[in-house]
2 protein chains.
Amino acid sequence: MPLLMLKDLPRYECLLEAAREYPDLDPSATEVFLNLLRTGDEAFRVTEDHLAQHDITHGRFGVLMALWGNCHREGRETPLGPAEIAERTGVTRATVTGLVDTLERAGFVARTPHSDDRRMTSVALTLAGEAVLAKILPEHFRQMAWLMGTLTESERKAFVQLLTKVMARAAERPVAVAEELAVAAARV
Amino acid sequence: MPLLMLKDLPRYECLLEAAREYPDLDPSATEVFLNLLRTGDEAFRVTEDHLAQHDITHGRFGVLMALWGNCHREGRETPLGPAEIAERTGVTRATVTGLVDTLERAGFVARTPHSDDRRMTSVALTLAGEAVLAKILPEHFRQMAWLMGTLTESERKAFVQLLTKVMARAAERPVAVAEELAVAAARV
DNA sequence: GGCAGACGGTTAGGCGCCTAACGACAATTG
DNA sequence: CAATTGTCGTTAGGCGCCTAACCGTCTGCC
């Protein structure tokens, strides 16, 4: 998350006070929200710092992981097109173009034209790309394990359930936004 | 989070399988990590979309909120300098310069030179800035309340505790990174 | 067969964020 | 009082990400 969050989250009393002026403010919901974004950002930066040591950004890492195989090389050699990579990593095709440019310049991936469909291009890991992944991944996994090291297995399970609930809620957003836009349009 | 996350998180069986090849991979830790980043990103985007309707980005919003008062206007009129804003919002001073530029162009904040110390500049909300906040905040609060609406009070409490634990762990990161860099330096 | 439309990848332009470096000023020191 | 050191805000340059628009290519339908 390229983000930006209030460094010192507001104390709960401050939320309670603000709630008196803004009846829409739900103190406990706000607290969860702020902590969620803040923690996500913090976790993000932990891995970001590590990846940076290998000149890899999260964007580039996402591309490499997508090429590495979604469920760990389902078909062994699975070259993907930029559109497919964009789909799997959740960025736009335009962004993938830039990321692949950088990775290709670094020698970690290679573009090869598709024989059947001349619109398409295949992107595949090079040996250097596999090598850098082999170098990065163990430490990357250790980072995640260390970060969650204070949580017991049952805590982790509960954590994932809570996150999943919120994620499901957020996924309904398009509907809410559509309604909102409709309301906004009606107001004009 | 400017981010980028695997759109479809890997299934747990895939993590188990990958763990066989990479002993450092802790499946449950990885699962929590991925869900955390993904959910944080999703929540981030929910508010991002709403703010965008008012031509406000998260960066700009952070500046406005910082000016609005950390614990909701502690001293009523509290003009801040860019350095202070950067400190509170967690971005660099250079970034604040750009954000304030944009906000000033939009008429939401105003810069005034400091009388005592001529290095310093004060940034304060204008009336238009307060107005746009008054327009945005109610809906913003509603978004957060809606997003957490599926969670009970006790779930929220547990959630915050889990997030806090991970955040505390992440805060230890500088130490770990320092050690790592020392190791890397020793290797050369 | 021919043409409209859909789809692939890229380009152009913009914003947020960063680091590194600058010029102006203030505070500290000999 | 002069020189160093530190701080403040800004600038310059880079990357990731976006949207909008662009070409080249394939495809479906008549």
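Note that the structure is a prediction, hence the values are computed from the model and not measured. In what follows, every heavy atom counts, from backbone to side chain, and hydrogens, waters and symmetry copies are set aside.
- Residue A:R111 places at least one side-chain N or O closer than 4.0 Å to OP1 or OP2 of C:dT10.
- Within a 6.0 Å sphere centred on CG of B:D55, other residues, nucleotides and ligands contribute 12 heavy atoms or fewer.
- Across all strands shown, B:D116 has heavy atoms under 4.0 Å from sugar-phosphate atoms exclusively, and none from any base.
- As rounded to whole Å, 8 Å separates atom P of D:dC17 from atom CZ of A:F44.
- One N or O donor and one acceptor, one from the side chain of B:R119 and one from the base of D:dT7, sit under 3.5 Å apart.
- Distance CE (B:M120) to P (C:dA24): 18 Å, rounded to an integer number of Å.
- Considering only side-chain N and O atoms, A:T92 lies nowhere under 4.0 angstrom from the phosphate OP1 or OP2 of D:dC17.
- Each of A:R118 and A:G98 was assigned the nucleotide of DNA chain D with the nearest heavy atom; the assignment lying further toward the 5' end belongs to A:G98.
- Each of B:A94 and B:T102 has a nearest nucleotide on DNA chain C; the 5'-most of these lies closest to B:T102.
- Following rounding to the nearest Å, B:E87 (CD) and D:dT7 (P) show an atom-to-atom distance of 13 Å.
- Comparing D:dT11, C:dA26, C:dG9 against the side chain of B:D101 picks out D:dT11 as the nearest.
- Proximity note for A:A83 (side chain, C-beta onward) versus D:dG16, D:dC8, C:dG9: the nearest is C:dG9.
- Between D:dC18, D:dT11, D:dG9, one nucleotide has an atom nearer to the side chain of A:V91 than all others, and that is D:dC18.
- Checking the phosphate oxygens (OP1, OP2) of C:dC18, a side-chain nitrogen or oxygen of B:T95 falls inside 4.0 Å.
- Taking every heavy atom of both residues into account, B:L15 and B:L25 meet most closely at O-CD2, 3.9 Å.
- Evaluated for a side-chain contact (heavy atoms from CB on, under 4.5 Å) with B:L80, the options B:V63, B:L67, B:V123 yield exactly one hit, B:L67.
- The shortest side-chain heavy-atom distance between A:L137 and A:M65 falls under the 4.5 Å cut-off.
- Summarising the geometry, the separation between CD1 on B:I56 and C1' on C:dC15 is reported as 13 Å, rounded to the nearest angstrom.
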Requested in this report: For side chain to side chain contact (heavy atoms under 4.5 Å, CB included), just list the numbers for A:F33 and B:T47, CA-CA rounded to whole Å, side-chain angles, deciding distance to a tenth of an Å, and then say yes or no.
Outcome: CA-CA 10 Å; A:F33 181 86; B:T47 57; 3.3 Å; yes
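- The phosphate of D:dG16 has OP1 or OP2 within less than 4.0 Å of a side-chain N or O from A:R60.
- The CZ-P distance, from B:R45 to D:dT19, rounds to 9 Å in whole Å.
- One interatomic measurement links the two molecules: CG of A:L99 to P of D:dG14, which rounds to 18 Å at whole-angstrom precision.
- Distance CG (A:L64) to P (D:dG16): 12 Å, rounded to an integer number of Å.
- OP1 and OP2 of D:dG9 both lie 4.0 Å or more from every side-chain N or O belonging to B:T121.
- Between the C1' atom of D:dG16 and the CZ atom of A:R93 lies a distance of 18 Å, rounded to the nearest Å.
- Contact between the side-chain N/O atoms of B:T97 and the OP1/OP2 oxygens of D:dG9 is not found at any separation under 4.0 Å.
- The side-chain contact (heavy atoms from CB on, under 4.5 Å) test with B:R60 is passed by exactly one of B:T102, B:V132, B:L51, B:V100: B:T102.
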